[in-house]
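Following: one structure in structure tokens, then a few remarks.
Order of appearance sets the numbers: ligands from 1, and atoms from 1 within every ligand.
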Amino acid sequence: MADRHPAPGPPSETVADWDHRHLWHPFTQQRDWRRERPLTIERAEGTDLIDSDGRRYLDGVSSLWCNVHGHRHPLIDRAVREQLDRVAHSTMLGLTHPAAAELAARLVELAPPGISRVFYSDSGSSATEIALKMSFQYWRQRGGQHARRTTFVSLRDAYHGDTLGAVSVGGIDLFHATYSPLLFHTHRVEPGDSDQLECVLDFHAEEIAAVIVEPLVQGAAGIRLHPPGYLRRVRALCDRHDVLLICDEVATGFGRTGTMFACEQERVAPDFLCLGKGLTGGYLPLAATLTTERIHQGFLGAPEGGRTFFHGHTFTGNPLACAAALGNLEAFEDEGTLVRLQPKIRLLGELLAGVAEMPEVAEVRGRGFMVGIDLGEHDPTLRLGHRVTLEARERGAIIRPLGDVIVLMPPLAISAADLRRLVEIVAASIRAACASADGEQPTTELAAAA
Ligand SMILES: *Cc1c(COP(=O)(O)O)cnc(C)c1O
């Protein structure tokens with residue numbers, strides 16, 4: 001094979017200039033962004049990101065929670081290249097292709113019992129949106145009393161994506177409050193409180209299409225855990241009232257919490273399983289909404305009968321993305337990723353016990369390779385979480401906080417040595433950021449704290 005050394009890109013000053021003039025970054029206050037020189041990631045190797053000056057950084061949040069086996073993994077690279085030599089894109093509307101069909105079969109094998117159908121999309125938001133629309137339409141088509149099931153139960157602090165349906169079932173005010181006039185009503189319950197859910201279902205079940213949850217861990221809420229047994233209880237309550245259960249495993253799927261899917265840990269089989277992020281090993285935008293034959297059957301009928309699921313995106317089931325996802329699953333098998341993950345989860349637990357003892361740290365929460373280090377309540381103008389990020393960058397790691405919760409989500413493939421280094425860097429960065437923030441606090445606050 002020919003050497004694959006890509007030509008050098010434009011100088012980083014040019015990139016920064018173009019960026020500051022023309023880009024608009026997601027979840028980012030552009031005013032502050034434009035005051036900082038952007039870090040330009042040019043390439044990557046394994047679990048390292050490499051900037052335009054050749055500096056290396058540990059990818060401490062898996063490139064926003066999605067990388068699994070590291071970057072430029074030979075199996076996934078090969079799968080994508082081979083697909084590129086066949087076709088990059090062809091539509092799923094009226095046609096099929098080998099990678100989409102094979103991937104669907106493989107996903108059904110891996111999914112909890114009862115799951116038999118795969119509907120593709122290209123983001124986690126779409127995957128949850130599709131589950132909402134499918135469950136709603138399912139009950140409509142059942143007719144009679146069932147057609148009254150038009151609303152949803154969602155959890156406070158939930159995050160299911162940024163499209164308007166996903167935002168309607170979201171519960172993070174900072175992200176969602178602005179859009180409230182555009183959203184549909186849901187029954188919002190306290191995370192982890194199954195008595196409250198029971199109450200809502202007792203009173204309102206016949207108007208509820210589905211309950212939507214992030215199993216075990218609410219990620220964007222700041223890595224918040226549900227009590228053990230909660231998901232099982234939610235499943236039992238849904239069964240009792242014939243309400244559908246949507247498990248949003250966009251973040252927790254593909255080994256993130258230690259098992260392939262988080263719902264396995266409570267032996268729960270959902271009616272809808274939403275997948276994204278790690279589905280392609282973090283390579284390409286692909287998401288999927290998996291469901292049961294019961295739901296699929298509810299959509300069968302004559303074309304003029306209106307039971308078609310009228311939803312699909314231009315790039316639904318994109319062949320390159322499906323090939324990457326097949327490469328991802330192959331890597332899980334070939335490398336025994338989940339088996340090799342277990343001792344690293346134990347090591348991470350040991351390392352974090354030390355972090356939890358730090359005076360700067362209020363609480364450490366986590367499950368598997370999904371960790372939040374909570375720095376407690378601070379004046380938001382200090383941007384403490386962001387300061388920790390900048391300190392970590394100086395020390396050779398990329399992380400991204402949720403407010404003042406420092407998130408650690410390394411790729412599952414990270415080595416034990418790099419895991420150790422990552423936690424050391426983060427601990428040192430927390431210490432440095434807190435010290436520098438302390439120095440800047442208004443004297444009145446210091447006096448009050450003393
Ligand atoms: C990230 C995330 C989503 C949204 O996925 P996108 O690909 O960013 O649209 C949905 N649900 C959960 C639980 C997530 O963590």
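- Each of Trp65, Ser123, Gly124, Ser125, Tyr159, His160, Gly161, Glu214, Asp248, Val250, Ala251, Lys277 has a non-hydrogen atom positioned under 4.0 Å from some atom of ligand 1.
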Practice problem: Give the intermediate values and the outcome of ring-ring contact (aromatic ring centres under 6.0 Å, His included) for residues His311 and His313. | Solution: CA-CA 7 Å; His311 186 116; His313 304 275; 4.8 Å; yes

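- No side-chain donor-acceptor contact under 3.5 Å links Asn328 and Tyr283.
- Note: Phe309 and Phe299 have perpendicular aromatic rings, judged against thresholds of 30 and 60 degrees for the angle between ring planes.
- A side chain to side chain donor-acceptor pair (under 3.5 Å) check over residues 169-186, counting only residues at least two apart or in different chains, returns the pairs Ser154-Thr186.
- Checking Asn318 against His89 by side-chain atom types alone, a donor-acceptor pair falls below 3.5 Å.
- In this pair, His226 and Tyr230 present their aromatic rings perpendicular. The plane angle is above 60°, beyond the 30 to 60° band.
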